[in-house]
Asker: 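Would you mind keeping the following structure in view while I ask a few things?
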Number of protein chains: 2
Amino acid sequence: MLSNASKYAILSTLYLAEHSNEERKISVKEIAENIDVPSPFLAKLFQQLVRGKIISSSKGPHGGFYLSEKNKQKNVLDIIDNIDGLNKLNGCFLGLNECDSTNPCPVHFIVVPFKNNILAKFRDLTIMEFAKEIADKGDFLTLKNVSPSLEAPI
Amino acid sequence: MLSNASKYAILSTLYLAEHSNEERKISVKEIAENIDVPSPFLAKLFQQLVRGKIISSSKGPHGGFYLSEKNKQKNVLDIIDNIDGLNKLNGCFLGLNECDSTNPCPVHFIVVPFKNNILAKFRDLTIMEFAKEIADKGDFLTLKNVSPSLEAPI
DNA sequence: TTATTAAAAGATAAAAAGGTCTTTTAATAA
DNA sequence: TTATTAAAAGACCTTTTTATCTTTTAATAA
């Protein structure tokens with residue numbers, strides 16, 4: 001549904017939202033280590049997010065990535081759109097070209113409410129609101145395995 | 001969420017369910033044309049489904065693919081498991097390694113009910129029941145564009 | 001103004017997904 | 001028993017995704 005690239009982009013942008021501002025810029029290396037993402041890959045993603053005006057950057061000593069006030073008003077769907085495009089998120093679950101409420105695939109009426117739900121969440125909250133919601137719960141998003149387990153989580 | 005391979009496998013197995021039986025076997029070519037899937041690719045998938053005992057085959061004149069009585073008792077989740085494995089369907093929507101109800105990602109409580117829903121549908125109906133439900137509604141699943149449109153369907 | 005720092009850019013490469021083609025094997029009908 | 005049919009097997013190819021490495025550019029601090 002989402003590519004790894006999108007997932008990395010979301011997690012690291014939310015990291016920026018919580019830990020950076022115009023005065024406190026953050027290097028790729030720091031973020032990559034903290035959320036456990038390959039850093040050269042993240043560097044590439046960040047270039048693209050900068051071009052898409054989702055995040056900001058400056059070079060040189062004390063340079064790095066950060067969110068400007070304008071950036072903070074973007075939402076998670078902007079990130080997904082910038083990296084994957086929105087088509088990946090739309091489209092029939094079984095791949096049918098013609099699948100809608102008058103001609104639904106067998107899982108259409110299970111999938112559509114879910115999509116509307118998650119789309120609303122990704123579109124209606126700003127990145128800051130999203131990050132705040134996470135911080136308020138005391139959570140910290142990382143791909144690290146704090147307590148490695150062999151089973152896939154549900 | 002599902003690979004193309006899984007989607008093709010589901011659609012073509014459901015096609016077999018409706019159109020084949022031990023006496024009436026169907027060639028890859030016929031199915032590929034009917035549901036609009038690349039036929040050499042489908043041939044590969046079918047080899048794997050035969051090895052996984054999801055469908056049956058016989059060679060030679062009047063040979064082809066079909067569902068045995070045992071095959072008909074399999075469910076859609078068996079197809080997905082055989083092609084993609086089940087991990088692709090499980091796993092956190094944002095890719096977090098540790099995401100559960102005590103330590104949920106921001107969309108956990110939107111994603112989990114959906115997954116339970118669709119998993120139940122894929123697991124609790126046999127392939128025949130699934131196919132019958134579709135046929136009863138008068139539907140026919142294909143990837144063909146009957147009336148080509150430029151917009152991605154929702 | 002020079003050394004240093006960190007991103008930008010772009011070339012390269014490995015892995016996975018998606019797809020094609022050719023040869024071999026097995027079944028069966030003539 | 002031979003020709004024919006259709007799957008099985010496996011080699012091969014292409015594209016996309018994921019990832020790495022090297023060089024260049026810009027900012028800044030000494």
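Just so we're on the same page: letters track the sequence lines, and every chain starts at 1.
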Asker: Taking 4.0 Å as the cut-off, does a side-chain nitrogen or oxygen of A:Arg51 come that near to OP1 or OP2 on C:dA9?
Answerer: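 For C:dA9, OP1/OP2 do have a side-chain N/O of A:Arg51 under 4.0 Å.
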
Asker: By nearest nucleotide on DNA chain C, pick out whichever of A:Pro61 and A:Ala43 is the more 5' one.
Answerer: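 It is A:Pro61, whose closest nucleotide lies nearer the 5' terminus.
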
Asker: Does B:Lys88 make a side-chain N or O approach to OP1 or OP2 of C:dA17 shorter than 4.0 Å?
Answerer: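 True: B:Lys88 side-chain N/O within range (under 4.0 Å) of C:dA17 OP1/OP2.
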
Asker: Choosing from D:dA8, D:dA26, D:dT20, which nucleotide comes nearest the side chain of A:Lys59?
Answerer: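 The listed nucleotide nearest to A:Lys59's side chain is D:dA26.
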
Asker: Mapping A:Phe41 and B:Val28 onto DNA chain D by nearest heavy atom, which one lands closer to the 5' end?
Answerer: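 It is B:Val28, whose closest nucleotide lies nearer the 5' terminus.
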
Asker: Taking CD from B:Gln47 and P from D:dG10, how many angstroms apart are they, rounded to a whole number?
Answerer: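 Roughly 9 Å, once rounded to whole Å.
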
Asker: Measure from the side-chain heavy atoms of A:His62 and tell me the nearest of C:dG19, C:dA7, D:dA29.
Answerer: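 Given the options C:dG19, C:dA7, D:dA29, the side chain of A:His62 is closest to D:dA29.
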
Asker: With a cut-off of less than 4.0 Å, is there a side-chain N or O of B:Tyr8 near OP1 or OP2 of C:dG18?
Answerer: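 False: B:Tyr8 side-chain N/O out of range (4.0 Å or more) of C:dG18 OP1/OP2.
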
Asker: So which nucleotide does C:dT12 pair with, by the Watson-Crick or G-U wobble rule with both distances under 3.5 Å?
Answerer: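 Check on C:dT12: paired to D:dA19, both distances under 3.5 Å.
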
Asker: To the nearest angstrom, how far is B:Glu23 atom CD from C:dT28 atom P?
Answerer: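 So the two atoms are 13 Å apart, to the nearest Å.
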
Asker: Select one nucleotide: of C:dG18, C:dT20, D:dA8, the one nearest the side-chain heavy atoms of B:Val50.
Answerer: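 Of all the options, the side chain of B:Val50 is nearest to D:dA8.
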
Asker: Is it true that A:Tyr15 and A:Asn34 share a donor-acceptor pair across their side chains at a distance under 3.5 Å?
Answerer: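 Yes, side-chain donor-acceptor contact under 3.5 Å.
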
Asker: Would you call the rings of A:Phe93 and B:Phe114 parallel, tilted or perpendicular, where under 30° means parallel and over 60° means perpendicular?
Answerer: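 Judged by the thresholds at 30° and 60°, the geometry between A:Phe93 and B:Phe114 is perpendicular.
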
Asker: Determine which nucleotide pairs with D:dA27, using a 3.5 Å limit on both distances of a Watson-Crick or G-U wobble pair.
Answerer: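 Looking at the geometry, D:dA27 pairs with C:dT4.
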
Asker: Does a donor on one side chain and an acceptor on the other come within less than 3.5 Å for B:Asp84 and B:Ser3?
Answerer: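 B:Asp84 vs B:Ser3: donor-acceptor pair found between side chains.
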
Asker: In whole Å, I'd like the distance from the CG atom of B:Leu45 to the C1' atom of D:dA7.
Answerer: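 Value for this atom pair: 14 Å.
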
Asker: Heavy atoms from C-beta onward define the side chain here; which of D:dT18, D:dA7, C:dA7 lies closest to that of A:Ala5?
Answerer: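 The nucleotide sitting nearest to the side chain is D:dT18.
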
Asker: What is the distance from CG of A:Leu42 to C1' of D:dT17, rounded to the nearest Å?
Answerer: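 Answer to the nearest Å: 16 Å.
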
Asker: Could you tell me how far apart A:Gln48 (CD) and C:dA8 (C1') are, to the nearest whole angstrom?
Answerer: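 Atom-to-atom, A:Gln48 to C:dA8, this comes out as 14 Å.
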
Asker: When we call it a touch if two heavy atoms are under 4.0 Å apart, what does B:Ile26 touch: a base, just sugar-phosphate, or nothing?
Answerer: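 Since only primed, P, OP1 and OP2 atoms lie under 4.0 Å of B:Ile26, the category is sugar-phosphate.
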
Asker: Tell me the partner of D:dC13, counting only Watson-Crick (N1-N3 plus N6-O4 or O6-N4) or G-U wobble (N1-O2 and O6-N3) with both under 3.5 Å; none if nothing fits.
Answerer: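 C:dG18 - that is the nucleotide pairing with D:dC13, both distances being under 3.5 Å.
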
Asker: Send over the distance from B:Met1 CE to C:dA17 P, rounded to a whole Å.
Answerer: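 Between P of C:dA17 and CE of B:Met1: 16 Å.
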
Asker: Are any of the side-chain nitrogens in B:Lys29 or B:Glu33 under 4.0 Å away from the carboxylate oxygens of its partner?
Answerer: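 Yes, charged N to carboxylate O under 4.0 Å.
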
Asker: For B:Ile83 and C:dG19, give me the distance from atom CD1 to atom P, rounded to whole Å.
Answerer: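 About 13 Å, once rounded to whole Å.
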
Asker: Donor-acceptor pair, distance only, cut-off 3.5 Å: does the side chain of B:Lys132 make one with the backbone of B:Glu18?
Answerer: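 No, the answer is negative, given that no donor and acceptor are paired below the 3.5 Å cut-off.
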
Asker: When the nearest nucleotide of DNA chain D is assigned to A:Ser3 and to A:Lys25 on a heavy-atom basis, which residue is associated with the more 5' position?
Answerer: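 Looking at the nearest nucleotide for each, A:Ser3 comes out on the 5' side.
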
Asker: Any donor-acceptor pair, under 3.5 Å, between the side chain of B:Lys44 and the base of D:dG10, if you only look at N and O atoms?
Answerer: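 Check passes, donor-acceptor contact within cut-off.
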
Asker: Within less than 4.0 Å of OP1 or OP2 of D:dA8, is there a side-chain N or O belonging to B:Ser57?
Answerer: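 B:Ser57 to D:dA8 OP1/OP2: side-chain N or O found under 4.0 Å.
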
Asker: Considering only C:dA7, D:dT20, C:dG18, which nucleotide approaches the side chain of A:Pro40 most closely?
Answerer: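 Of the options given, the side chain of A:Pro40 lies nearest D:dT20.
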
Asker: Any side-chain heavy-atom pair from B:Gln48 and B:Asn82 closer than 4.5 angstrom?
Answerer: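 B:Gln48 reaches B:Asn82 side chain to side chain.
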
Asker: Can you tell me which nucleotide in C:dA17, D:dT18, C:dG19 comes closest to the side chain of B:Asn4?
Answerer: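 Nearest nucleotide to the side chain: C:dG19.
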
Asker: Taking CZ from A:Phe46 and P from C:dA8, how many angstroms apart are they, rounded to a whole number?
Answerer: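 Distance, rounded to whole Å: 10 Å.
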
